[in-house]
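Worksheet: one structure, shown below.
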Number of protein chains: 2
Amino acid sequence: MAQDRNTEELIIEAAKKIFVQRGLAGARMQDIADEAGINKAMLHYYYRSKEKLFEIVFNEALGRIIGRLGQIAIDGELPLEQKIRGLVESYIAGVAETPYLPIFVINEINQRPDLLVQRMQSLSGFSNIMSFMKDVIEAGKRGEIKQVSPIQLFLNIVSMCIFPFAAKPLVQGVLQLDNVQFNLVIEERKKLVADVILAWLKP
Amino acid sequence: MAQDRNTEELIIEAAKKIFVQRGLAGARMQDIADEAGINKAMLHYYYRSKEKLFEIVFNEALGRIIGRLGQIAIDGELPLEQKIRGLVESYIAGVAETPYLPIFVINEINQRPDLLVQRMQSLSGFSNIMSFMKDVIEAGKRGEIKQVSPIQLFLNIVSMCIFPFAAKPLVQGVLQLDNVQFNLVIEERKKLVADVILAWLKP
DNA sequence: CTTTGCATTAACCAAATGGTTAAATCAAAT
DNA sequence: ATTTGATTTAACCATTTGGTTAATGCAAAG
């Protein structure tokens, strides 16, 4: 079950699956080895410790979540409305590809905030977010949109995009939605979330 | 350090703190015992197993989160706008009292969705949520608000109220907010989130 | 064919962990 | 004072878990 592909990659793939599913504390090295179809000792041969392996998986996940946030300011030329519509749609679509990443990242950061602090500066999306906020302030001054706190705008967008995934089982339980219905709701949100934000921003 | 108060309560208090902080997999019985200032064996004397103790803590936390959601439909006489303003304010205030509960509950449900299914029916807030949804549909038909999916309305409110807490360290890291600034942002949201929702609902 | 160096495995280890037990302590009733 | 029942403790146990090691497999270079 393990011969074909590169062993290192096999391990990372397996580690991703197990860590994201169970978290650092809940993940077992044996389970990762089983998932990869190899011996447990191989994990330590290629990646020294559970911690090291976890850091690789976590940092990639964090980059994926925050990196996506960076998309918030691309397409600098478009009017803010188009920018927001495009952002929401692509962000929801992006998160939907790996719906369990947000809760994994959020939870691990919650237990060890230092995981974030280390990587903050080096993450690409960061400066884009700042320039987006400046855009919002400028547009507000020009009267194109209502004057709002860019931080709150940012929080509102991210909340409505990510939370339904982070709380997916809770949402499905409370609202009695099967997977098909849940996906329909998500699909509808790609437009709807932007509608909500833009209605609020109307001057 | 343990004599004064009821031992059972001391244990529950300690278990709450440790479980909410580290999750089921990350919590150690010894840590709970230390936190309560008692012997580890006492945990098993009063509550048979880690699982049993966890269930008590988790169910109370779940009730607190979902129970609050039930507030969504109280004050049945008020107009929908007042209802929503009151709901958002009290919900954010409620979550702010125990900001780490959402991520705890969400994360544990994520790893064991059965935890939710068991308790769903018996949770009080549930029927209130349903009746709130009917109210929304009625108000939409009467033209008091725009006709929107009550599920989406519900998701939007809950997302904007809960997510900032669930992702608190991530939010603080990305937006460079210290605790004081974070609390100010939250305070501002008690009104702002309702503004966003009501702007969207305007017919 | 032999050597060399990486890859892989099985067996093993020490520490941690959830749980148990038998003895001791304590408070109230007799 | 003694008995009785619940409470508390220290020592112990079996299993799990992250990690190590020594031996083996194996493919390419000599």
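Applying the side-chain hydrogen bond (donor to acceptor under 3.5 Å, both in side chains) test to pairs two or more places apart or on separate chains, those with a residue in residues 42-53 of chain A are A:E51-A:R112. Listed by first and then second residue, the salt bridge (charged side-chain N to carboxylate O under 4.0 Å, His left out) pairs that reach into residues 55-65 of chain B are B:K16-B:E60, B:E60-B:R64, sequence neighbours excluded.
Across all strands, B:Y46 comes closer than 4.0 Å only to sugar-phosphate atoms, never to a base (heavy-atom distances).
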Exercise. At under 4.0 Å between heavy atoms, which parts of nucleotides 15-21 of chain D does protein reach? Answer with one letter per nucleotide, 5' to 3': B base, S sugar-phosphate only, - none.
Key: --SBBBB
Quiz prompt | Trace of the side chain to side chain donor-acceptor pair (under 3.5 Å) decision for B:E187 with B:N183 | solution = CA-CA 6 Å; B:E187 195 56 35; B:N183 288 336; over 6 Å; no
Practice problem: Kindly determine whether A:R85 and A:D195 satisfy salt bridge (charged side-chain N to carboxylate O under 4.0 Å, His left out), including the steps that lead there. | Solution: CA-CA 8 Å; A:R85 288 204 178 276; A:D195 288 343; 3.0 Å; yes
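If you take CG of B:L43 and C1' of D:dT7, they are 14 Å apart, rounded to a whole angstrom. Nucleotide D:dT8 holds its P atom 8 Å from the CD1 atom of B:I11, rounded to whole Å. Taking atom CE of residue B:M42 and atom P of nucleotide D:dA11, one finds them 17 Å apart after rounding to whole Å. Per the geometry, CD1 belonging to B:I32 stands 10 Å off P belonging to C:dG19, to the nearest Å. Spacing between atom CD1 of A:I38 and atom P of C:dT8 amounts to 8 Å, rounded to whole angstrom units.
B:F182 has its side chain out of reach of B:L175: every pair of non-hydrogen atoms, C-beta onward, lies at least 4.5 Å apart. Looking at A:R189 and B:L155, their side chains come closer than 4.5 Å, going by heavy atoms from C-beta outward.
The phosphate of C:dA7 has neither OP1 nor OP2 within less than 4.0 Å of any side-chain N or O from A:T7.
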